[in-house]
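The chains referred to below are lettered A, B, ... by the order of the sequence lines, with proteins before strands, and numbering in each begins at 1. Predicted model, so just to flag it, every value in this text is computed and none were measured.
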2 protein chains.
Amino acid sequence: MADKQYELGDAELEVLKVLWERGASTVRDVLQALHDQGRNQAYTTVQTLLTRLEAKSFVRSDKSEFAFVYRARLTRDRVTRSRLKTLVAQLYDGAAGPLVLQLVRMEQFTTDEIDELHQLIDRLDSEADTKNQEPR
Amino acid sequence: MADKQYELGDAELEVLKVLWERGASTVRDVLQALHDQGRNQAYTTVQTLLTRLEAKSFVRSDKSEFAFVYRARLTRDRVTRSRLKTLVAQLYDGAAGPLVLQLVRMEQFTTDEIDELHQLIDRLDSEADTKNQEPR
DNA sequence: GACTTTCTACGACGGTCGTAGTAGATTGCG
DNA sequence: CGCAATCTACTACGACCGTCGTAGAAAGTC
């Protein structure tokens, strides 16, 4: 049950994030970026991560240059949404409401964020009958 | 670095949830509950999970009865909060605001939840006077 | 062309996790 | 008491993941 096609590990996610932030990158580019972030991995480690990400179809590579260039195949939004969904399913049986409530209770927000939340909630209020679309 | 004391796996979490829901339970109790949920594990699998959870201090056991009785040592709230924090840290660099925004955008809410959100936001609003937050 | 650097392919290792089997201890029953 | 059921301890195995090393191919340098 549940395809559970094994999501991303932490290190893999870090690599993906680099690709999101700086776009198409070589192994060395990613390595450099990670180094700058304090992570200190070997070149081949990053290479492995990228290879695995490609096997999972999270990135694609192309070789027109000397070295392979990697690009993310999914947007950050898409991935975070999926992770979120998993977490919501696991912890709250799929109900996002309680999660948001808990988050709102537990975290500090800037006035700007509160503002935006206001607007969002209001909008939700009015279009409270939006249909459920499931784009695969 | 990073202690990264390896959090809970999916199966471990399921077990914990059973303990939260039905309180002190034996291996067999948990097994039964999981079976009722459709999961079909072996007795010893559940036993292993409980043992590992105990090793990680998520549960504690006591043996006054014939069989060990296990109890959760942390509240559901505590665990979900921690998982959430991890996810927020990983995906949003620790800023919960954007997460909430995304969640609110992506999920459907019942009118009740929207109501409660309204109230929460309002409350936040009034508390947000002495807010001197600097997001990272 | 020989040497150095860089990249790629592949294998590997240890730890976590989900899963479960086996053996031995404990308890209950007739 | 003797046996069956149940429980516990220990071991194991395969997949995933983070981490690299080594060997060989490709490219640049002098």
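Among the atoms of the strands shown, only primed sugar atoms or phosphate atoms (P, OP1, OP2) are found under 4.0 Å from some heavy atom of A:Phe68.
Applying the 3.5 Å distance criterion, the base of C:dG18 shares no donor-acceptor pair with the side chain of B:Thr45.
Checked against C:dC17, D:dC17, D:dT19, the side chain of A:Ala11 finds its nearest nucleotide in D:dT19.
Place B:Tyr43 and A:Leu13 on DNA chain D by their nearest nucleotides, and B:Tyr43 ends up nearer the 5' end. For the pair B:Thr44 and B:Leu49, nearest-nucleotide mapping onto DNA chain C gives the more 5' position to B:Leu49. Toward the 5' end of DNA chain C, the nearer of the two residues A:Phe66 and A:Arg52, judged by each one's closest nucleotide, is A:Phe66. Taking for each of B:Val69 and A:Ala42 the nucleotide of DNA chain D with the nearest heavy atom, the 5'-most of the two is the partner of B:Val69.
Clustering ILVMFWY residues whenever any of their side-chain heavy atoms sit less than 4.5 angstrom apart, transitively, puts A:Tyr43 in the very cluster that holds A:Tyr70.
Look at B:Glu7 and B:Lys56 and you find no salt bridge, because none of the NZ, NE, NH1 or NH2 atoms lies under 4.0 Å from a carboxylate O.
Heavy-atom distances under 4.0 Å link DNA chain C to A:Arg28 of residues 24-33 of chain A, given in residue order.
OP1 or OP2 of C:dT19 sits under 4.0 Å from a side-chain N or O of B:Gln41.
Among the candidates A:Val59, A:Val30, A:Leu31, the single residue satisfying the side chain to side chain contact (heavy atoms under 4.5 Å, CB included) test with A:Ser25 is A:Val30.
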